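One structure is given below, encoded as structure tokens.
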Amino acid sequence: MHEIGEPTHKRRILLADADAFYVAVARLADPEGAGKAKILVVGGSSNRGVVTSASYEARAYGVRSAMPTATARRLCPEAVFVPVPRQLCSEKSRMILETLRDLSPVVEPASIDEFYLDLTGTERLFQGEDLTATARRIRKTLKNQTGLSVSIGGGSSRLIAKLAAKQAKPRPGTDGKGVLVVAAGEELPFMERLKLADLPMIGPQFQERLASHGLKTVQDTLAVEQSRLQQLFGKKTAAWLHDRVRGLDSASVTASSPARSLSHEETFSVDLQSEQDLQREVLDLSYRVAADLRTKGLKARTVTVKIRYADFSTRQKSQTLKVPISADRPVLATALDLLRKHRKQRRSPIRLLGVALSQLSRGPSGPDQLSIFHDEVDAIMESDQDRTLSEVIDKLTGRFGKKGIRRASQLDSKRY
DNA sequence: TCTGGGGTCCTAGGACCC
DNA sequence: TCTGGGGTCCTAGGACCC
């Protein structure tokens, strides 16, 4: 908040958001197949998959993201279904990020296909070019450099930029032109046209709660006294809502913050029940997530094992160690311990297992400096031998690929 | 034809400490 | 006799986003 006077000038924030990102990348990955299919659905290929993204032509049939693939097939049997091209998606995302970094002083990735830019203070650099013209220039450059169509929204806050980007989308049946900038001072009229459900972070639950008090649109909410909103939703939520419906959002655009967690999870095509199967999957997930951790030069203190049962109820157990780890063995040992605790509590068929690492830190993998902990260290600790073994495995994997190296099953031994 | 995988942030209770 | 009062860390669950 500015205590004295008005801000000298409004911020100039853009959100660049790739259009139907997964669909577009799937077409680049497979020009002959997916590339030629107008009605295209990208998503989980297994019997239990869901739709990640659908082409506009497929959406016309009612196909939506997060819908079970089976439902999508029923709605639209003539659609072409392809799996998510994960690697190319990561590459394209990185290409967009690098292109944007050449065009803007501050770029913050918000997801695989969304990037916030703060161009405040670039007026002179861009010789007075207005924000709309800048956005069009960036859009054109992105298309040339990455082959992807990216819509850009702009305004005085992240919230306005995000909402504008959604309206800028060149969807059939709308007048989206790929770029929409809300001029300074026009925020309120822009917001007044929206429903509360259009606002980020107002999901199904909160919508329900708002609707139960007769609040469905931004205009509904603007008409309510702040004291009344406080009665209904509490001080903090009321203040948040007050700002959101006016397009106010003081959050700044900052360079990407370090990751808070890393995880892998898998839904099995058939529910798992035997201890051997479960332990094998936990081993696989643990080694994968630990390898990712080391690739990023990180260490973790907390290991979490997530389980989804056949009835879809989901439970997680976690353990925080005194000392950060990154080697395979201690990650696996902790995860197996958590699996045992889960199984002790409930032994029923399992449809999903996940292993997550959090409490991350930059980790120089040197020798331990543990003497201060004396005897109060965890039972599970990482030894120099653990680290050396993981380093060797990483090097072999790097040289021969994941399929070139296979571990002997270590689960029979009592070492864990 | 039931319901992915990868994240972030928030809350609330209990442990523990001073 | 009836019950301090914070602060921080850990665990579990849940809403939400793409």
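So that the names make sense, note that chain A is the first sequence line, chain B the second, and so on, each numbered from 1. Note that the coordinates shown come from a computational prediction; the quantities given were computed from them, not determined experimentally. The figures that follow rest on heavy atoms only: side chains count, while hydrogens, waters and symmetry mates do not.
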Here's a test of your reading of the structure: between A:Asn47 and A:Leu262, which maps to the more 5' nucleotide of DNA chain B?
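Its nearest nucleotide lies further toward 5', so the answer is A:Asn47.
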Comparing A:Ala66 and A:Arg73 on DNA chain B - which has the more 5′ nearest nucleotide:
A:Arg73
Touch check for [X], heavy atoms < 4.0 angstrom, all strands: base, sugar-phosphate only, or nothing?
| X | answer |
| --- | --- |
| A:Lys306 | nothing |
| A:Ala356 | nothing |
| A:Phe21 | nothing |
| A:Gln359 | sugar-phosphate |
| A:Gln205 | sugar-phosphate |
| A:Lys236 | sugar-phosphate |

Qualifying residue, where the test is side chain to side chain contact (heavy atoms under 4.5 Å, CB included) with A:Thr141 and the options are A:Val150, A:Leu100, A:Thr99:
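It is A:Thr99; the other options fail the test.
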Only one of A:Leu352, A:Leu353, A:Val355 clears side chain to side chain contact (heavy atoms under 4.5 Å, CB included) with A:Glu281; which?
A:Leu353
I'd like to know if [X] and [Y] make a salt bridge, using a cut-off of under 4.0 Å between side-chain N and carboxylate O.
| X | Y | answer |
| --- | --- | --- |
| A:Asp284 | A:Arg288 | yes |
| A:Lys36 | A:Glu32 | yes |
| A:Arg246 | A:Glu187 | no |

Between NZ of A:Lys143 and CZ of A:Arg139, what distance do you get to the nearest 0.5 Å?
8.0 Å
Looking at CZ of A:Arg343 and CD1 of A:Ile307, how far apart are the two atoms once the value is rounded to the nearest 0.5 Å?
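Between A:Arg343 CZ and A:Ile307 CD1, I get 7.0 Å after rounding to 0.5 Å.
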Using a cut-off of strictly less than 4.0 Å, decide whether [X] has a side-chain nitrogen or oxygen near OP1 or OP2 of [N].
| X | N | result |
| --- | --- | --- |
| A:Arg351 | B:dG4 | yes |
| A:Thr302 | C:dC10 | no |
| A:Lys162 | C:dC18 | yes |
| A:His264 | B:dG5 | no |
| A:Gln316 | C:dA12 | no |
| A:Arg48 | B:dC2 | no |
| A:Ser111 | B:dG6 | no |
| A:Arg260 | B:dC9 | yes |
| A:Arg86 | B:dG6 | no |
| A:Thr320 | C:dC9 | no |
| A:Arg301 | C:dC10 | yes |
| A:Thr71 | B:dC2 | no |
| A:Thr314 | C:dG13 | no |

Can the positive tip of A:Arg73 be found less than 6.0 Å from the middle of the six-membered ring of A:Phe81, inside 45° of the ring normal?
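Checked: cation-pi criterion met.
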Atom P, compared across C:dG4 and B:dA15: separation rounded to whole Å
16 Å
Could you state the [atom1]-[atom2] distance from [X] to [N], rounded to the nearest angstrom?
| X | N | atom1 | atom2 | value |
| --- | --- | --- | --- | --- |
| A:Glu114 | B:dG7 | CD | P | 16 Å |
| A:Ile307 | C:dA12 | CD1 | P | 12 Å |
| A:Leu357 | B:dG5 | CG | C1' | 16 Å |
| A:Met67 | C:dC18 | CE | C1' | 17 Å |
| A:Asp292 | B:dG5 | CG | C1' | 13 Å |
| A:Glu265 | B:dG4 | CD | P | 9 Å |
| A:Met201 | B:dT8 | CE | C1' | 8 Å |
| A:Ile112 | B:dG4 | CD1 | P | 19 Å |

With the side chain of [X] defined as its heavy atoms from C-beta on, choose the nearest nucleotide among [options].
| X | options | value |
| --- | --- | --- |
| A:Ser261 | B:dG4, B:dG5, B:dT8 | B:dT8 |
| A:Asp113 | C:dC18, B:dT1, B:dG4 | C:dC18 |
| A:Lys317 | C:dA12, B:dT3, B:dG6 | C:dA12 |
| A:Thr267 | B:dT8, B:dG4, B:dG6 | B:dG4 |

Take A:Ser46 and A:Arg48 through the test side-chain hydrogen bond (donor to acceptor under 3.5 Å, both in side chains) and record every step on the way to the result.
CA-CA 5 Å; A:Ser46 92; A:Arg48 286 176 158 175; over 6 Å; no
Estimate the overall bend of the helix from B:dG5-C:dC18 to B:dC18-C:dG5 from the end axes over five pairs each, rounded to 10 degrees.
10°
Without swapping roles, check the side chain of A:Arg387 against the backbone of A:Ala327 for a donor-acceptor pair under 3.5 Å.
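No, A:Arg387 side chain to A:Ala327 backbone: no donor-acceptor pair under 3.5 Å.
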For C:dC2, is chi within 90° of 0 (syn) or not (anti)?
anti
Would you call A:Phe312 stacked on B:dT3, i.e. ring centres under 5.5 Å apart with the planes less than 30° off parallel?
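Yes; by the centre-distance and plane-angle rule, A:Phe312 counts as stacking on B:dT3.
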